[in-house]
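For reference, the structure is listed below as structure tokens.
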Amino acid sequence: MTTNHPERLDPALTRPGRADMKINMGPVEWQEARQIFLMLLQYKHDPSAAVRNVKRLLFGFECDTDLSAFRITESPHQLRLHDTAYCIRVPTGSFEEQDKTPRDALEREVRKETGLQLSRVIHALPIQTWTRSKDGEQHEWVGLPYIIEVSELEHSISHENRQGVSGRAQKWKDVIQLNPKEHQDFAWATEDEVRRDKYEMFGNHKETILEAFATVTQNCSV
């Protein structure tokens, strides 16, 4: 809901559970109004998707957004957004001091964790936020889940394969190089296996993976 006079609303309309997030937009310039209009226009056939993605609008993150200006000098692994210090997490790892954009963090983490290279970002899933306690302190986190496409590192492709001499498709299990300090094995999981809890998952990983399956299915059927 939107209103110019929130003080006039019946408290029953804004109670927790019915209105869990309140955003004071304030006066906007025409450029900002245009951006909001275009953002909402893309959801005209699926209004519920706008609700799922409201955090992406709030934080304004894109994969190539330069976040350097938001870095906290005394705590370089954190960013100050909306007067709050946040730690940023991308799939497989955290946003670190050397990363300028979420894409930088993705490329670094994909290479470190799998020995592969990031080819492209296919879809950005809804942004997640949570609070985690560490060393007796509460830390605010922003999660940036993506569906990505990966490929083999250029230097690891043999001359034979590059020239197309070999017709044998190299298996991913022979290409992926897991970081032994963090991973022992990997598996290709189907949507049905995830729903049946075949694999132990933590936090909201299951919901995120199912969201990814749904996004891919929806885009493949268009």
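Start at 1 with the first residue, then count along the sequence. The analysis underlying the following values was restricted to heavy atoms, covering all of them including side chains, and did not include hydrogens, waters or symmetry mates.
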Give the cluster check for Val90 versus Phe186: same hydrophobic cluster or not, with ILVMFWY residues linked at side-chain heavy-atom distances below 4.5 Å. yes

Say whether Leu106 and Phe70 are linked into one hydrophobic cluster, either directly or through other cluster members, by side-chain heavy-atom distances under 4.5 angstrom. yes

Is any side-chain heavy atom of Pro145 closer than 4.5 Å to one of Gln128? yes

Check whether any side-chain heavy atom of Leu79 sits under 4.5 Å from a side-chain heavy atom of Ile72, and report yes or no. no

Any non-hydrogen side-chain atom of Glu7 less than 4.5 Å from a side-chain atom of Leu9? no

Run Thr190 and Asp192 through side-chain hydrogen bond (donor to acceptor under 3.5 Å, both in side chains) and show every step you take. CA-CA 5 Å; Thr190 65; Asp192 180 63; 5.1 Å; no

From Lys181 NZ over to Gln184 CD, what is the distance, rounded to the nearest 0.5 angstrom? 13.5 Å

State, with a plain yes or no, whether a side-chain heavy atom of Leu118 is found less than 4.5 Å away from one of Arg103. yes

Taking all atoms of both residues into account, what is the closest heavy-atom pair of Asp10 and Ala12, and its distance? OD1-N, 2.8 Å

Answer yes or no: is there a side-chain heavy-atom contact under 4.5 Å between Tyr199 and Glu193? yes

From CD (Glu109) to CG (Asp104), nearest 0.5 Å: 12.0 Å

As a quick check of understanding, evaluate side-chain hydrogen bond (donor to acceptor under 3.5 Å, both in side chains) for Thr131 and Glu140, giving each step before the final call. CA-CA 5 Å; Thr131 302; Glu140 300 297 326; 3.0 Å; yes

Just by modelled atom types, is the Pro76 backbone N or O under 3.5 Å from a matching donor or acceptor in the Arg71 side chain? yes

Could you give the distance from CG (Leu67) to CZ (Arg80), rounded to the nearest 0.5 Å? 14.5 Å

Exercise: identify the closest heavy-atom pair between Pro102 and Tyr146: CB-OH, 3.7 Å

Hydrophobic clustering (ILVMFWY, side-chain heavy atoms < 4.5 Å, transitive) - are Leu178 and Trp188 grouped together? yes

Leu144 and Arg89: side chain to side chain contact (heavy atoms under 4.5 Å, CB included), yes or no, with the steps? CA-CA 6 Å; Leu144 306 176; Arg89 184 170 181 83; over 6 Å; no

Mind listing the closest non-hydrogen atom pair of Lys206 and Val194 along with its distance? CE-O, 3.4 Å

Pair Lys100 + Asp66, salt bridge at N-O below 4.0 Å: no

Can you tell me how far NZ of Lys112 sits from CD of Glu107, rounded to the nearest 0.5 angstrom? 14.5 Å

So, for Ser133 and Gln138, which heavy atoms are closest and what is the spacing to 0.1 Å? CB-OE1, 3.0 Å

Closest non-hydrogen atom pair, Ala212 against Leu125: CB-CD1, 3.9 Å

Side chain to side chain, His77 and Ser94, heavy atoms closer than 4.5 Å: no

Okay, side chain of Thr114, backbone of Leu116: is any donor-acceptor separation there less than 3.5 Å? yes

Between the side chains of Arg195 and Glu191, is the shortest nitrogen-to-carboxylate-oxygen separation below 4.0 Å, so that they form an ion pair? yes

For Val142 against Tyr86, the heavy-atom pair lying closest together: CG2-CD2, 3.4 Å

With a 4.5 Å heavy-atom cut-off, do Phe95 and Cys87 have their side chains touching? no

Taking a hydrophobic cluster as the set of Ile, Leu, Val, Met, Phe, Trp and Tyr residues connected by side-chain heavy atoms closer than 4.5 Å, whether directly or through intermediates, do Ile209 and Val216 fall within one such cluster? no

Do Thr65 and Thr101 pass the side-chain hydrogen bond (donor to acceptor under 3.5 Å, both in side chains) test, and can you show the C-alpha distance, the side-chain angles, and the key distance before you say yes or no? CA-CA 5 Å; Thr65 300; Thr101 69; over 6 Å; no

Which value, rounded to the nearest 0.5 Å, describes the distance between Glu207 atom CD and Met201 atom CE? 9.5 Å

Taking C-beta and beyond as the side chain, do Arg132 and Trp141 meet within less than 4.5 Å on heavy atoms? yes

Find the distance between CD1 (Ile176) and CD (Glu152) and round it off to the nearest 0.5 Å. 10.5 Å

Partner residues of Glu96 under the salt bridge (charged side-chain N to carboxylate O under 4.0 Å, His left out) criterion, sequence neighbours left out: Arg108

Would you check, one step at a time, whether the test side-chain hydrogen bond (donor to acceptor under 3.5 Å, both in side chains) holds for Thr92 with Glu113? CA-CA 7 Å; Thr92 77; Glu113 301 291 344; 5.0 Å; no

Connected via hydrophobic side-chain network under 4.5 Å: Ile148 and Leu210: no

